[in-house]
Undergrad: 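Sharing a structure below in C-alpha cells format, with a few things to ask.
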Amino acid sequence: MKNLTIISPFSFSVPYSEFQLSKNYLCRIMLQLSVLKDQTERVLAGLAKRNFKTAEADVRAVLDLDQRRRSLQTQHDQAQSEANELARQIGGLMKSGDKAGAEALKVRTTELKAQIKLHADELTATEKAQTELLYKIPNVPHESVPAGRSAEDNEVVREAGTKPELAAGALPHWELIKKYDIIDFELGIKITGAGFPVYKGQGARLQRALVNFFLDEARDAGYLEVQPPILVNEASGYGTGQLPDKEGQMYHDAADNLYLIPTSEVPITNLYRDEIIPVEKLPIRNTGYTPCFRREAGSWGADVRGLNRLHQFDKVEIVQITQPDNSYAAHATMVAHVEQLLQKLELPYRVLRLCGGDMGFTSALTYDLEVWSAAQGRWLEVSSVSNFEAFQANRLKCRYKVEGGKTQLLHTLNGSALALPRIVAALLENNQTAEGIRLPQVLHAYCGFDTIK
RNA sequence: AGAGAGGUGGCAGAGUGGUCGAAUGCGACGGUUUCGAAAACCGUUAUACCGGCAACGGUAUCGGGGGUUCGAAUCCCCCCCUCUCUACCA
C-alpha cells in the first residue's frame, strides 16, 4: 500500500500535464461559454444570489479571452491550411522528380511553421487562462433559489413527524454509544485518528442493516445498484467539480495521484464521463453504497461531537442523469424518495431549500433534509439532493443525441439516501427508553433485533 | 514486480512517411424491390473547435503527451492501458 498523504488545501493544480487528458480536454469546458455569452445578464443575476463577488469581472474576462481565443484559432487554422496545401504540392513535385520546385516551396513552409508555432503557443496560453477562470465560476442557481449569505437564509419548505418528548436524564448519542458499547471512538483514534469510529456488535449490525435497507428501497424505486471504486483519478475529480474547488477537503494518495472519494457521487456520476448516452437508456438511475472520506479541514467545535461530523462515514447515494426538460421533475422524485425513507424510519424531519450562499459550488438547486436529534435539540443534515443541470455534464462531456443528430448536454442529479452517522445519532437519541433503544419496525428484520440493549 | 506482444472509427480488421479521417467486413440507419418480410442492390454511418443565417468550408483527433520531417496512423522519446508467460497475493 502506498502512503496516504495530504496535500495543501491551498495548492491549485489544473490537469494539463501529468494526467492522461486529451488535447480536447480544454475544449470541453468551452461549452459553458454559449450560456455565458447568450445569457450574460441571467448568469450575473444568478451568481449575485450566491454572493459570488468577482462574478462580473470574471465573466467579462472570460468573454474577452474568448474573443481573443477565437481570433487566434482562425489565424492558426488558416496558416495550418496553407501549410497543408503546400505539403501536398511538395509531395507531388517530389514524385515527379522536381526537386528544385520542392525546395522553392519549402521556403514558404518554413515561414509558416514559425507562425503556426507562435499562434499555437498563444492559443494554448489563452485557453488555459480561460479554462482556469471558468473552473472558478460556480453554477448559476435556479430561479427558485433564495438569495442569501449562509444557512440562516435557507428556506424551510416543510416539516414532518413529531418530535419525541424525552424523559429526564435522556442522553446524547455520544453517551448512548458508550452505555451500550456499540460505537468506539477511542479505538478508532488508536488505529487511525479522530473521526474514524469503530462500530461494534449491535452498532456494526445496525450499520449493515441501514445500508441494506437503503439499497433495497432505492432498488425498489428503480435505481440500479452499482459498486464503484472509492479511489478516483484526477479527471473524475474535475468531472463532478470537487477539483479544483475542494481539493483540500479530499484525502489524496500522492504516490498514485488518486483521491479518496468524499461521496459516491464522484465515481457514480463519472461512470458516464465521455459518453454519448442512447436516448432510450435515459434517464439513468443508479444507487450505490460506499464509505466516504472527508478531511473536514477547519471544522471544530461543539457541533461536531460524536457522530455529527466524521472523517469516514457510510452513505448510500442515488444518482440520476436525465434529459434537460426532465431534471426538475426527477429532483422532486428524489426528494420524495428520501422523505419516504425518513418516514419509514419514523424520524421527524424537515426539508430546506438552500439559499444561494449556502449551496454547493456545482449545484443549481439543493434541498437539504434534516432529522431532529432529540437529545441534542437540533436539526442534523442527513441528505442533500441537488440538480446540477448541465454544469457537471459539461465537465464530464456527458451527452445524448437529440432528434437530428446534434449532441446535447444532459443534466445530472444526486442525493444522499441516506448518510448513516446522523441517522444513527437521531435513532439512538429519539428512541431511548429505560429498556434500551427501540428501533423502528422497518429495521427489525434487517438487524435481527428490535432493541439495542 | 520481471519478460514479451499489442492499443486504428459502434464492433471486427487492413494500413510502416505523401490527396489516409483512414481499405474491407459486420452492425445500425435511410431508400429501391415486396402484399409483407428475408435476400439483393444503392446510399448514409465519429467528436470537438473556428468561419458562415444557412448550405457549406477550414482545422484537429488512429491510447495520451512530446519530438523528427515540407509532410506522421506509419519513425524516435516519455507516460497510460490491455493481453500472454513468470513472480506474488485475497
Side-chain angles (χ1 to χ4, degrees), chain A residues 1-2 13-38 62-63 65-128 130-131 134 227 229 231-236 238 253 255-258 272-281 390 393-410:
Chain A
M1 185 60 193
K2 307 284 169 48
S13 83
V14 182
Y16 304 114
S17 50
E18 38 186 48
F19 216 74
Q20 183 167 319
L21 296 167
S22 74
K23 272 183 190 166
N24 285 338
Y25 193 83
L26 285 167
C27 303
R28 295 179 182 188
I29 196 135
M30 298 306 170
L31 295 165
Q32 195 184 4
L33 273 170
S34 59
V35 178
L36 285 186
K37 242 185 291 193
D38 302 341
V62 166
L63 293 179
L65 281 166
D66 191 50
Q67 209 149 34
R68 177 100 189 105
R69 189 191 111 252
R70 282 153 65 204
S71 117
L72 284 165
Q73 178 86 57
T74 304
Q75 291 173 47
H76 177 260
D77 284 0
Q78 279 167 357
Q80 189 61 251
S81 174
E82 190 183 343
N84 287 348
E85 176 53 30
L86 285 172
R88 263 190 291 271
Q89 287 178 18
I90 291 171
L93 291 169
M94 300 287 258
K95 239 176 208 164
S96 61
D98 184 355
K99 282 213 164 161
E103 287 305 319
L105 287 184
K106 282 193 196 177
V107 177
R108 173 65 183 148
T109 299
T110 312
E111 260 174 52
L112 278 172
K113 260 178 89 172
Q115 215 183 90
I116 289 166
K117 176 98 172 79
L118 275 175
H119 283 145
D121 288 349
E122 205 177 337
L123 188 59
T124 306
T126 308
E127 281 179 343
K128 180 173 169 169
Q130 190 181 25
T131 305
L134 279 169
Q227 273 193 32
L231 279 161
V232 295
N233 59 32
E234 201 178 12
S236 295
Y238 275 89
D253 163 17
D256 298 298
N257 196 23
L258 296 173
Y272 303 95
R273 170 153 51 84
D274 280 321
E275 299 287 342
I276 297 177
I277 300 171
V279 71
E280 64 271 15
K281 293 208 170 160
N394 180 46
R395 294 163 179 234
L396 293 159
K397 255 185 117 183
C398 176
R399 296 156 297 166
Y400 73 113
K401 270 197 167 61
V402 293
E403 208 75 31
K406 292 240 183 221
T407 58
Q408 193 173 328
L409 293 171
L410 288 159

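Convention: sequence-line order gives letters A, B, ...; per-chain numbering from 1.
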Undergrad: Rounded to whole angstrom, note down the P distance from B:rU16 over to B:rG10.
TA: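 Going atom to atom, P in each nucleotide, I get 23 Å.
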
Undergrad: Please tell me which of A:Lys117 and A:Ser71 maps to the more 5' nucleotide of RNA chain B, matching each residue to the nucleotide holding its nearest heavy atom.
TA: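 Looking at RNA chain B, the more 5' nearest nucleotide goes with A:Ser71.
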
Undergrad: Rounded to the nearest Å, what distance is computed from the CG atom of residue A:Asn257 to the C1' atom of nucleotide B:rC79?
TA: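 Going from A:Asn257 (CG) to B:rC79 (C1'), I get 13 Å.
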
Undergrad: Using a cut-off of less than 4.0 Å, is there contact between a side-chain N or O of A:Lys401 and OP1 or OP2 of B:rU47?
TA: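 True: A:Lys401 side-chain N/O within range (under 4.0 Å) of B:rU47 OP1/OP2.
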
Undergrad: Look at the side chain of A:Met94 and decide which nucleotide, out of B:rC49, B:rG18, B:rA60, has an atom nearest to it.
TA: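 Looking only at side-chain atoms, A:Met94 lies closest to B:rG18.
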
Undergrad: Measuring from A:Asp121:CG to A:Thr126:OG1, what's the distance to the nearest 0.5 Å?
TA: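 Separation between the atoms: 10.5 Å.
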
Undergrad: Rounded to the nearest 0.5 Å, how far does CG of A:Leu231 lie from CG of A:Asp253?
TA: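 So the gap between those two atoms works out to 6.5 Å.
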
Undergrad: Kindly point out which of B:rG58, B:rG18, B:rC50 is positioned nearest to the side chain of A:Ala87?
TA: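 Shortest atom-to-atom distance from the side chain points to B:rG18.
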
Undergrad: Side chain of A:Lys113, heavy atoms from C-beta onward: which of B:rU47, B:rG58, B:rU69 has the nearest atom to it?
TA: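 From the listed options, B:rU69 comes nearest.
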
Undergrad: Can you tell me if A:Lys106 touches the phosphate of B:rU69, counting only side-chain N or O atoms and a distance under 4.0 Å to OP1 or OP2?
TA: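 Answer is no, no contact under 4.0 Å.
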
Undergrad: Can you check the A:Gln73 CD to B:rG57 C1' distance for me, whole Å?
TA: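 My rounded result for the distance is 15 Å.
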
Undergrad: A:Leu33 vs A:Arg69, test: side-chain contact (heavy atoms from CB on, under 4.5 Å). Steps then yes/no.
TA: CA-CA 12 Å; A:Leu33 273 170; A:Arg69 189 191 111 252; 3.9 Å; yes

Undergrad: Taking the C1' atom of each, how far is B:rA5 from B:rG57, in whole Å?
TA: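 It works out to 43 Å between them.
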
Undergrad: Hey, could you give me the OG1/NZ distance between A:Thr110 and A:Lys106, rounded to the nearest 0.5 Å?
TA: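 So the OG1 of A:Thr110 and the NZ of A:Lys106 are separated by 8.5 Å.
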
Undergrad: Nearest whole Å is fine: how far is B:rG58 C1' from A:Ile116 CD1?
TA: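 It is 13 Å, rounded to the nearest whole Å.
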
Undergrad: Within this structure, what is the CD-to-P distance between A:Gln78 and B:rG57, rounded to whole angstrom?
TA: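 Roughly 17 Å, once rounded to whole Å.
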
Undergrad: In terms of heavy-atom contacts, does CD of A:Gln67 have more than 12 from other residues, nucleotides or ligands at under 6.0 Å?
TA: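 No, because the 6.0 Å sphere around CD of A:Gln67 holds 12 heavy atoms or fewer from other groups.
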
Undergrad: Contact class for A:Ile276 (heavy atom, under 4.0 Å): base, sugar-phosphate, or nothing?
TA: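 Sugar-phosphate: the residue A:Ile276, judged by heavy atoms under 4.0 Å, touches backbone atoms but no base.
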
Undergrad: Report which part of the nucleic acid A:Thr110 touches: base, sugar-phosphate, or nothing (heavy-atom distance under 4.0 Å, all strands).
TA: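 Here A:Thr110 touches no strand at all.
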
Undergrad: Let me know which of A:Gln73, A:His76, A:Gln75 forms a side-chain hydrogen bond (donor to acceptor under 3.5 Å, both in side chains) with A:His119.
TA: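 Single side-chain hydrogen bond (donor to acceptor under 3.5 Å, both in side chains) partner of A:His119 among A:Gln73, A:His76, A:Gln75: A:Gln75.
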
Undergrad: For A:Asp256 and B:rC79, what is the distance between atoms CG and P respectively, to the nearest whole Å?
TA: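 Result: 15 Å.
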
Undergrad: What are the two closest heavy atoms between A:Ala102 and A:Leu93, and how far apart are they?
TA: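 Result for this residue pair: N-CD1, 3.7 Å.
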
Undergrad: Please give the distance between the C1' atoms of B:rG6 and B:rC56 as a whole number of Å.
TA: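 It works out to 41 Å between them.
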
Undergrad: Roughly how far apart, to the nearest Å, are B:rG63 and B:rG9 at atom P?
TA: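 Rounded to whole Å, the distance is 8 Å.
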
Undergrad: Starting at the 5' end of RNA chain B, which residue's closest nucleotide do you reach first, A:Gly92 or A:Ser81?
TA: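 Going by which nucleotide is closer to the 5' end, it is A:Gly92.
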
Undergrad: For B:rG17 and B:rG71, measure between their C1' atoms and round to the nearest Å.
TA: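 B:rG17 and B:rG71 have their C1' atoms separated by 8 Å.
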
Undergrad: Can you tell me how far P in B:rG64 sits from the matching atom in B:rC80, rounded to whole Å?
TA: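 So the two P atoms sit 15 Å from each other.
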
Undergrad: Between C1' on B:rG58 and CZ on A:Arg70, what's the gap in Å once rounded to a whole number?
TA: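 After rounding, the gap between these two atoms is 16 Å.
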
Undergrad: Would you indicate, yes or no, if B:rU59 has its OP1 or OP2 atom less than 4.0 angstrom from a side-chain nitrogen or oxygen of A:Asn84?
TA: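 Yes, such a contact exists.
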
Undergrad: If the P atom of B:rA1 is compared with that of B:rC88, how far apart are they to the nearest Å?
TA: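 To the nearest whole Å, 16 Å.
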
Undergrad: Tell me which nucleotide among B:rU19, B:rA60, B:rC70 gets nearest to the side chain of A:Arg88.
TA: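 It is B:rU19.
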
Undergrad: Under 4.0 Å, counting only non-hydrogen atoms across every strand here, what does A:Lys99 touch: a base, just sugar-phosphate, or nothing?
TA: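 Nothing: the residue A:Lys99, judged by heavy atoms under 4.0 Å, touches no strand.
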
Undergrad: With rounding to the nearest 0.5 Å, note down the distance linking CD in A:Gln78 to OG1 in A:Thr74.
TA: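 Going from CD on A:Gln78 over to OG1 on A:Thr74, the span is 6.5 Å.
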
Undergrad: Applying side chain to side chain donor-acceptor pair (under 3.5 Å), run through A:Asn233 and A:Ser236 and close with a yes or a no.
TA: CA-CA 6 Å; A:Asn233 59 32; A:Ser236 295; 3.1 Å; yes

Undergrad: When the P atoms of B:rG43 and B:rG58 are considered, how many whole Å apart are they?
TA: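 Rounded to whole Å, the distance is 23 Å.
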
Undergrad: Quick check for you: among B:rC70, B:rU59, B:rA48, whose closest atom lies nearest to any side-chain atom of A:Thr407?
TA: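 Of all the options, the side chain of A:Thr407 is nearest to B:rA48.
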
Undergrad: Of all the choices, B:rU47, B:rA60, B:rC70, which nucleotide is nearest to the side chain of A:Thr109 once you look at every atom?
TA: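 So the nucleotide nearest the side chain must be B:rC70.
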
Undergrad: Where each pair must be Watson-Crick or G-U wobble with both distances under 3.5 Å, what dot-bracket representation of RNA chain B is obtained, with crossing pairs in [ ] and other-strand partners as |?
TA: ((((((((.[[[..)..(.....]]]((((((.......))))))((((((....)))))).[[[[[..)....]]]]])))))))....

Undergrad: Could you check how far CG of A:Leu105 sits from C1' of B:rG18, rounded to whole Å?
TA: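 Rounded to the whole Å, the gap is 14 Å.
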
Undergrad: What's the CZ-P distance between A:Arg69 and B:rA48, to the nearest Å?
TA: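 Whole-Å distance recorded here is 14 Å.
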
